[in-house]
Amino acid sequence: MLELGKVQELTMVKKVEFGVYLAEWEGEQEKVLLPAKQVPRGMQTGDKIEVFLYKDSQDRIISTVNRPKIMLGEVAELTVVQTGRMGAFLDWGLEKDLLLPFKEQTKKVQEGESFPVALYIDKSGRLCATMKIYHYLRTDSPYQKEDRVQGYLYEISQQFGAFVAVDGLYSALIPPRELYGNLEVGSRVSARVVKVHEDGKLDLSVREKAYIQMQTDAQKVLEAIERCGGVLPFTDKADPERIRSEMQMSKNEFKRAVGNLLKAKKIEITESQIKKMQL
């Protein structure tokens, strides 16, 4: 059986002017063309060859001795070479570019952008790319708790958090409680592993451990006070959502940072404001 999107070892069963036909074995009715310019010199009927199967511009199954950058069911980082009315077209190492349909995009993509995608077969039997890669990512990463990792944020859910492809290969999530800053689909993130689940999936945080992060947060509070003319118009008793929105930290993290500054006598707190101490 000829399988799209995979490398197969096939046998030459017929030679024609424009190439050779390959099949699983001699006498097999299902055949695929290997174009003449890719046929190795001296190849004879009965010889075996490894080829990759895909569809040409006329939707005919064709073979190539070239290896694409991605195989069926795999995830790889590809680059947009063109956008059109059907979607975007990606460079995957073959003559015919790979289609990324609009419905498989998790954000609007631009020419020159690179991001991880998975290769799948659509309902019409064509090989296509998808940015919805959750079910294709691996769960056998080498990372442990507290390791630093790099990844691509490919989808955001209000319920579950931000989904990240670590190294473009491994399944990871930034839970809602760890969502800080201007994270958006397409962001490249540097994060810390906070948990490795039994199934191998990773939980991440874009923030450091509390005792390290507190110093950074304290500096952010000072900078915010200065931007407000020396007086921050709310305290650590403010609504958690206001603190998260304006300071990009949780209420507990804000309280720790404010406490650190208060102990260092860099601020003073009134009923409704935080003021910078005058030297």
Side-chain angles (χ1 to χ4, degrees), residues 1-16 18-26 28 30-84 86-101 104-105 109 111-122 124-133 135-142 151-152 154 165-171:
M1 178 181 177
L2 300 179
E3 296 184 89
L4 281 176
K6 296 182 179 180
V7 170
Q8 288 183 267
E9 184 180 70
L10 299 178
T11 301
M12 175 180 162
V13 295
K14 184 180 180 182
K15 185 173 183 179
V16 292
F18 44 86
V20 301
Y21 280 99
L22 309 174
E24 285 193 280
W25 57 81
E26 293 187 52
E28 169 63 44
E30 191 177 22
K31 303 178 183 67
V32 63
L33 177 69
L34 178 64
K37 62 183 179 181
Q38 295 201 31
V39 177
R41 181 174 297 180
M43 189 173 185
Q44 301 293 325
T45 299
D47 289 349
K48 295 183 180 297
I49 187 172
E50 285 192 344
V51 291
F52 178 79
L53 304 185
Y54 68 112
K55 286 191 174 181
D56 64 14
S57 56
Q58 296 182 344
D59 264 356
R60 299 171 300 190
I61 296 180
I62 195 166
S63 66
T64 176
V65 294
N66 298 323
R67 294 292 186 269
K69 299 175 182 178
I70 187 172
M71 301 282 183
L72 185 66
E74 291 182 349
V75 175
E77 186 171 301
L78 302 181
T79 301
V80 179
V81 294
Q82 186 180 357
T83 58
M86 297 175 62
F89 293 90
L90 312 178
D91 172 17
W92 64 324
L94 300 183
E95 289 184 11
K96 180 190 174 187
D97 295 324
L98 179 64
L99 174 66
L100 171 63
E104 297 299 329
Q105 297 177 18
V109 303
E111 185 176 328
E113 279 189 285
S114 298
F115 41 78
V117 296
L119 184 64
Y120 76 102
I121 298 176
D122 71 4
S124 63
R126 298 173 303 177
L127 288 170
C128 292
T130 177
M131 295 175 72
K132 301 172 184 177
I133 58 178
H135 295 292
Y136 299 92
L137 291 172
R138 292 165 51 181
T139 56
D140 60 344
S141 86
Y152 179 88
Y154 64 90
V166 170
D167 298 340
L169 293 174
Y170 305 113
S171 182

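Excluded from the calculations below are hydrogen atoms, water molecules and symmetry mates; all remaining heavy atoms, backbone and side chain alike, are included.
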Hey, does Leu22 have a side-chain heavy atom less than 4.5 Å from the side chain of Val20? yes

Note, Glu104 side chain near Met131 side chain (heavy atom, < 4.5 Å): no

Residues at least two apart in sequence or cross-chain that pass side chain to side chain donor-acceptor pair (under 3.5 Å) with Thr79, listed by chain then number, are Ser114

For Pro116 and Val75, the nearest pair of non-hydrogen atoms, with its separation, is CB-CG1, 3.9 Å

Contacts of Arg126 meeting side chain to side chain donor-acceptor pair (under 3.5 Å) (sequence neighbours excluded), chain-then-number -> Asp122, Ser124

Residues passing the salt bridge (charged side-chain N to carboxylate O under 4.0 Å, His left out) test with Asp140, sequence neighbours excluded, are Arg138

Across all chains, not counting sequence neighbours, the side chain to side chain donor-acceptor pair (under 3.5 Å) partners of Asp167 are Tyr143

message = Counting C-beta onward and ignoring hydrogens, is there a side-chain heavy-atom pair between Val80 and Phe115 closer than 4.5 Å?
response = yes

Nearest heavy-atom approach of Val39 to Leu34 is CG2-O, 3.7 Å

By salt bridge (charged side-chain N to carboxylate O under 4.0 Å, His left out), Lys6 pairs with (sequence neighbours left out) Glu3

Hits for salt bridge (charged side-chain N to carboxylate O under 4.0 Å, His left out) against Lys69, two or more places apart or cross-chain, chain-then-number order -> Asp91

- Just wondering, are more than 12 heavy atoms of other shown residues or ligands nearer than 6.0 Å to NZ in Lys96? yes

In short, ring pair (Phe, Tyr, Trp, His ring centres under 6.0 Å) pairs touching residues 53-73 with sequence neighbours left out are none

Residue set satisfying ring-ring contact (aromatic ring centres under 6.0 Å, His included) with Phe52, at least two apart, ordered chain then number -> Trp92

Counting C-beta onward and ignoring hydrogens, is there a side-chain heavy-atom pair between Tyr152 and Glu77 closer than 4.5 Å? no

Sequence neighbours excluded, the answer for side-chain contact (heavy atoms from CB on, under 4.5 Å) partners of Leu4 is Lys55, Ile61, Ile121, Leu127

Show me, pair by pair, the donor-acceptor contacts under 3.5 angstrom made by side chains of residues 40-48, not counting sequence neighbours?
from	atom 1	to	atom 2	distance (Å)
Gln44	NE2	Gly42	O	3.4
Asp47	OD2	Gln44	N	2.7
Lys48	NZ	Thr11	OG1	3.1

Are Gln38 and Val51 close enough that some pair of their side-chain heavy atoms sits under 4.5 Å apart? no

>> Looking at Phe89, is its backbone amide N or carbonyl O close enough to the side chain of Gln82 to form a donor-acceptor pair, meaning the two atoms are under 3.5 Å apart?
In response: no

For Glu95, the salt bridge (charged side-chain N to carboxylate O under 4.0 Å, His left out) test, sequence neighbours excluded, returns Lys37

Sorted by chain and residue number, the side chain to side chain donor-acceptor pair (under 3.5 Å) partners of Ser141 (sequence neighbours excluded) come out as none

Q.
Using only atom types and a distance under 3.5 Å, with no angle test, would you say the side chain of Glu74 pairs donor to acceptor with the backbone of Met71?
A. yes

